[in-house]
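Below is one structure, written out as structure tokens; comments come after it.
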Amino acid sequence: MYRTMMKSKIHRARVTESNLNYVGSITIDEDIMDAVDILENEKVQIVNNNNGQRFETYVIKGPRGSNVFCLNGAAARLVHEGDVIIVISYAQVAEENVRAHEPKVAIMNENNQIVEMLDKEPASTVL
């Protein structure tokens with residue numbers, strides 16, 4: 001048996017742009033992608049803290065050091081520049097490895113810089 005487990009999470013990133021005229025996806029700074037082990041074209045879930053929208057898309061690499069989080073295509077209708085979002089990727093983990101699985105969680109500041117890396121979700125509110 002396999003379980004679907006959170007693999008990566010970018011917590012409280014700010015949308016820097018929304019581009020309706022792009023084909024689709026979310027553009028994320030490649031440095032941030034590396035930090036949480038998200039690859040280009042990987043499926044992610046986006047949670048918009050400002051309006052409650054939840055949707056899925058795939059990731060494309062943004063310029064390193066740009067701190068970009070740009071929603072493209074139809075997803076651009078679900079966010080506004082400045083919205084706070086959570087980006088989550090999941091993995092299928094074999095039952096025998098589930099208890100040892102440790103996701104990578106990046107806590108972001110208001111400038112889309114990583115201020116803390118966690119290997120599990122705390123049982124408290126993270127602002």
Side-chain angles (χ1 to χ4, degrees):
M1 178 169 69
Y2 289 85
R3 294 188 188 217
T4 303
M5 305 294 290
M6 179 179 68
K7 178 183 75 67
S8 308
K9 179 178 178 183
I10 303 169
H11 187 74
R12 297 190 61 81
R14 294 197 185 266
V15 174
T16 57
E17 182 183 352
S18 59
N19 183 346
L20 186 60
N21 296 314
Y22 192 82
V23 176
S25 67
I26 181 171
T27 305
I28 300 175
D29 178 323
E30 192 173 1
D31 286 338
I32 297 168
M33 291 171 58
D34 289 348
V36 294
D37 189 29
I38 290 177
L39 300 176
E40 188 166 41
N41 298 311
E42 186 168 345
K43 178 181 174 181
V44 292
Q45 179 182 44
I46 310 295
V47 181
N48 187 331
N49 285 8
N50 291 76
N51 64 20
Q53 289 286 337
R54 289 177 169 263
F55 54 94
E56 295 176 340
T57 190
Y58 62 93
V59 176
I60 59 175
K61 290 188 265 190
R64 290 188 180 278
S66 65
N67 299 332
V68 66
F69 282 83
C70 177
L71 277 299
N72 302 300
R77 294 196 182 276
L78 303 175
V79 300
H80 292 98
E81 188 174 320
D83 282 359
V84 174
I85 59 171
I86 300 169
V87 180
I88 309 164
S89 72
Y90 300 91
Q92 298 295 310
V93 180
E95 184 68 27
E96 60 270 16
N97 298 323
V98 163
R99 306 258 182 248
H101 173 71
E102 293 182 350
K104 293 185 177 182
V105 179
I107 308 298
M108 310 302 286
N109 68 13
E110 61 278 352
N111 298 312
N112 286 340
Q113 298 164 326
I114 298 172
V115 294
E116 187 175 3
M117 288 294 300
L118 308 173
D119 60 359
K120 61 183 170 185
E121 285 265 286
S124 62
T125 301
V126 176
L127 298 178

Minimum-distance pair of heavy atoms, taken over all atoms of [X] and [Y]:
| X | Y | answer |
| --- | --- | --- |
| Arg14 | Val84 | NH1-CG2, 3.2 Å |
| Arg54 | Val47 | NH1-CG2, 3.6 Å |
| Met117 | Ile114 | SD-CG2, 3.8 Å |
| Ile60 | Tyr22 | CD1-OH, 3.5 Å |

Could you walk me through whether His11 and Leu118 pass the side chain to side chain contact (heavy atoms under 4.5 Å, CB included) test, one step at a time? CA-CA 11 Å; His11 187 74; Leu118 308 173; over 6 Å; no
With a 4.5 Å cut-off on side-chain heavy atoms, are [Y] and [X] touching?
| X | Y | value |
| --- | --- | --- |
| Asn50 | Val15 | no |
| Asn112 | Thr16 | yes |
| Val59 | Glu40 | no |

Rounded at 0.5 Å granularity, tell me how far [atom1] in [X] sits from [atom2] in [Y].
| X | Y | atom1 | atom2 | result |
| --- | --- | --- | --- | --- |
| Asn48 | Leu78 | CG | CG | 8.0 Å |
| Asp37 | Ser89 | CG | OG | 7.5 Å |
| Ile88 | Lys7 | CD1 | NZ | 12.0 Å |
| Asp29 | Gln113 | CG | CD | 10.0 Å |
| Asn109 | Ile107 | CG | CD1 | 11.0 Å |
| His101 | Arg3 | NE2 | CZ | 12.5 Å |

Under 3.5 Å, which donor-acceptor pairs do the side chains of residues 65-77 form with other protein atoms, sequence neighbours left out?
from: Ser66; atom 1: OG; to: Pro63; atom 2: O; distance (Å): 2.6
from: Ser66; atom 1: OG; to: Val68; atom 2: N; distance (Å): 3.4
from: Asn67; atom 1: ND2; to: Asn111; atom 2: O; distance (Å): 3.3
from: Asn72; atom 1: ND2; to: Ser25; atom 2: O; distance (Å): 3.4
from: Asn72; atom 1: ND2; to: Ser25; atom 2: OG; distance (Å): 3.4
from: Asn72; atom 1: ND2; to: Thr27; atom 2: OG1; distance (Å): 3.0
from: Asn72; atom 1: ND2; to: Cys70; atom 2: O; distance (Å): 3.4

When you look at Val105 and Met6, which way does the side chain to side chain contact (heavy atoms under 4.5 Å, CB included) test go after all the steps? CA-CA 9 Å; Val105 179; Met6 179 179 68; 3.9 Å; yes
By side chain to side chain contact (heavy atoms under 4.5 Å, CB included), which residues pair with His80, not counting sequence neighbours?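 Asp83.
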Using side chain to side chain contact (heavy atoms under 4.5 Å, CB included), reason through Val79 and Gln53 one step at a time and then give a plain yes or no. CA-CA 8 Å; Val79 300; Gln53 289 286 337; over 6 Å; no
Chi angles and distances behind the side chain to side chain contact (heavy atoms under 4.5 Å, CB included) call for Ile10, Ile38: CA-CA 10 Å; Ile10 303 169; Ile38 290 177; 4.3 Å; yes
Hydrophobic cluster membership, with links at side-chain heavy-atom distances under 4.5 Å among I/L/V/M/F/W/Y: are Ile86 and Tyr58 in one? no
Cluster overlap Phe55 with Val44, hydrophobic side-chain contacts below 4.5 Å: yes
Are there more than 12 heavy atoms of other residues, nucleotides or ligands under 6.0 Å from atom OH of Tyr2? no
Go through the side-chain N and O atoms of Thr4 and Gln92 and say whether any donor and acceptor fall under 3.5 Å apart.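 Indeed, the side chains of Thr4 and Gln92 share at least one donor-acceptor pair under 3.5 Å.
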